[in-house]
2 protein chains.
Amino acid sequence: MQDPFVCTPVSHHQCISNALDQAETLCRSRNVRLTPIRHRVLELIWQQHRPVGAYDLLEQLQQQGRVAPPTVYRALDFLQQQGLIHRLESLNAFVGCAHPQYPHQGQFLICKSCRSLVEITDPEISTVINNRAEAVGFKPLNQTVEVSGFCDGCWQKEQING
Amino acid sequence: MQDPFVCTPVSHHQCISNALDQAETLCRSRNVRLTPIRHRVLELIWQQHRPVGAYDLLEQLQQQGRVAPPTVYRALDFLQQQGLIHRLESLNAFVGCAHPQYPHQGQFLICKSCRSLVEITDPEISTVINNRAEAVGFKPLNQTVEVSGFCDGCWQKEQING
DNA sequence: TTGTGTAATGTTATAATATAACATTAAAAT
DNA sequence: ATTTTAATGTTATATTATAACATTACACAA
Ligand SMILES: [Zn+2]
Ligand SMILES: [Zn+2]
Ligand SMILES: [Zn+2]
Ligand SMILES: [Zn+2]
């Protein structure tokens with residue numbers, strides 16, 4: 001469940017191709033089609049390696065010909081269904097999932113300053129939430145957990161600069 | 001922190017006026033203005049007692065004269081700042097907060113079937129999330145926790161009907 | 001109370017996000 | 001090859017939200 005390597009500016013091309021390779025393998029094994037458009041959208045998302053809006057993606061796709069919103073949204077729907085990306089409700093944006101092999105509830109840490117994002121998949125968080133929900137007679141199916149704050153680097157700067 | 005009474009269809013007028021009274025008291029004590037529009041919007045939200053979209057509110061306001069979107073959004077901004085309502089990111093909707101006196105991180109249980117909503121304010125959930133975030137060097141400031149699933153009643157029906 | 005500054009609201013226009021509906025093309029299955 | 005289904009193209013529009021500037025209401029001091 002842990003990322004096999006840390007993505008640095010230098011290794012980011014690796015990070016992208018890893019994600020794409022994983023996606024291809026996964027789709028083949030599930031017998032679903034990672035078509036060129038879907039592949040391209042996933043690639044664009046991983047190139048950013050941070051939350052991207054649908055219309056940002058659209059704009060980039062349009063550099064290689066005419067594309068309309070439904071095309072992007074359909075690709076995003078597919079990628080979400082396959083667990084290859086997550087949608088961030090508080091940002092109206094999408095981000096690649098680093099471990100799509102395992103179905104999971106992601107928890108997202110979103111830096112207010114640099115907009116970077118970290119996904120953690122902590123079973124304890126999921127469990128506590130599910131337990132509390134069930135304690136009030138609710139049947140939980142899906143969780144949205146998004147935390148806004150500062151990443152390590154930005155928090156240091158905040159404290160120095162005020 | 002616990003709701004003093006359960007809202008039933010019969011007692012709902014009480015539930016609304018309680019919320020409004022509380023809001024008035026709170027705003028007076030904070031020396032901020034619960035203007036007619038703000039009061040009205042809060043009232044409309046509590047009348048539903050479930051998540052309401054901004055344009056739903058707008059439509060209702062327009063039954064008493066011309067109103068434009070910014071008016072609604074400003075009122076919603078104010079009510080949010082005062083903690084009188086919460087925004088549900090996964091629904092693009094707003095709901096009244098039952099205990100605005102205390103600042104808190106709400107957790108929301110949203111029924112997929114009847115669209116009812118329960119707010120719980122479980123400190124353990126907040127704490128676990130904050131701890132895990134800090135464990136990866138993140139400084140958490142604000143949490144969004146929204147759980148989609150079935151309320152008690154709807155879950156019973158689901159299981160019977162399939 | 002009369003000005004003076006600030007907060008709130010009005011008004012118009014538009015941005016940003018997302019989907020409906022139907023036509024066309026590509027792929028898979030028979 | 002034919003049929004069926006999945007995917008994409010295309011046009012239009014729905015839904016959610018904000019920018020920018022004008023006007024009005026209110027608070028508070030002179
Ligand atoms: Zn994930
Ligand atoms: Zn940061
Ligand atoms: Zn609350
Ligand atoms: Zn229900």
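Proteins come first, then strands; the chains are lettered A, B, ... in the order of their sequence lines, and each starts at number 1. Every heavy atom of this structure was used, including side-chain atoms; hydrogens, water molecules and symmetry mates were not.
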statement: Judged by nearest nucleotide, the residue sitting upstream toward the 5' end of DNA chain D, B/Ala54 or B/Arg33, is B/Ala54
- prompt: Are B/His13 and B/Gln47 close enough that a side-chain donor and a side-chain acceptor fall under 3.5 Å?
  reply: no
- prompt: Reckon B/Arg74 touches a base, only the sugar-phosphate, or nothing at all at heavy-atom distances under 4.0 Å?
  reply: base
field: Which nucleotide in D/dT11, C/dT17, D/dT10 has an atom nearest any side-chain atom of A/Tyr55
entry: C/dT17
message: Under 6.0 Å between ring centres: does that hold for A/Phe94 and A/His86?
response: no
- prompt: Mapping A/Val32 and B/Asp56 to their closest nucleotides on DNA chain D, which lands nearer the 5' end?
  reply: A/Val32
statement: What residues 35-48 of chain B contributes to the DNA chain C interface at heavy-atom separation below 4.0 Å is B/Thr35, B/Ile37, B/Arg38
- request: Fit a plane to each ring of B/His12 and B/His49, take the angle between them on a 0 to 90° scale, and name the class: parallel (under 30°), tilted (30 to 60°) or perpendicular (over 60°).
  value: parallel
query: Does the pair B/Gln156 and B/Asp152 meet the rule for a side chain to side chain donor-acceptor pair (under 3.5 Å), with working shown?
result: CA-CA 6 Å; B/Gln156 309 291 335; B/Asp152 206 358; 3.2 Å; yes
query: Any idea which of C/dT17, D/dT16, D/dT11 is nearest the B/Asn92 side chain?
result: D/dT16
- request: Looking only at side-chain atoms of B/Pro70, point me to the closest of C/dG10, D/dA19, C/dA27.
  value: D/dA19
- request: State whether A/Thr71 places a side-chain N or O below 4.0 Å from either non-bridging phosphate oxygen (OP1 or OP2) of D/dT8.
  value: no
query: Regarding A/Gln143 and A/Asn130, is there a side-chain donor-to-acceptor distance under 3.5 Å anywhere?
result: yes
query: Between CG of B/Leu84 and CG of B/Leu26, what distance do you get to the nearest 0.5 Å?
result: 6.0 Å
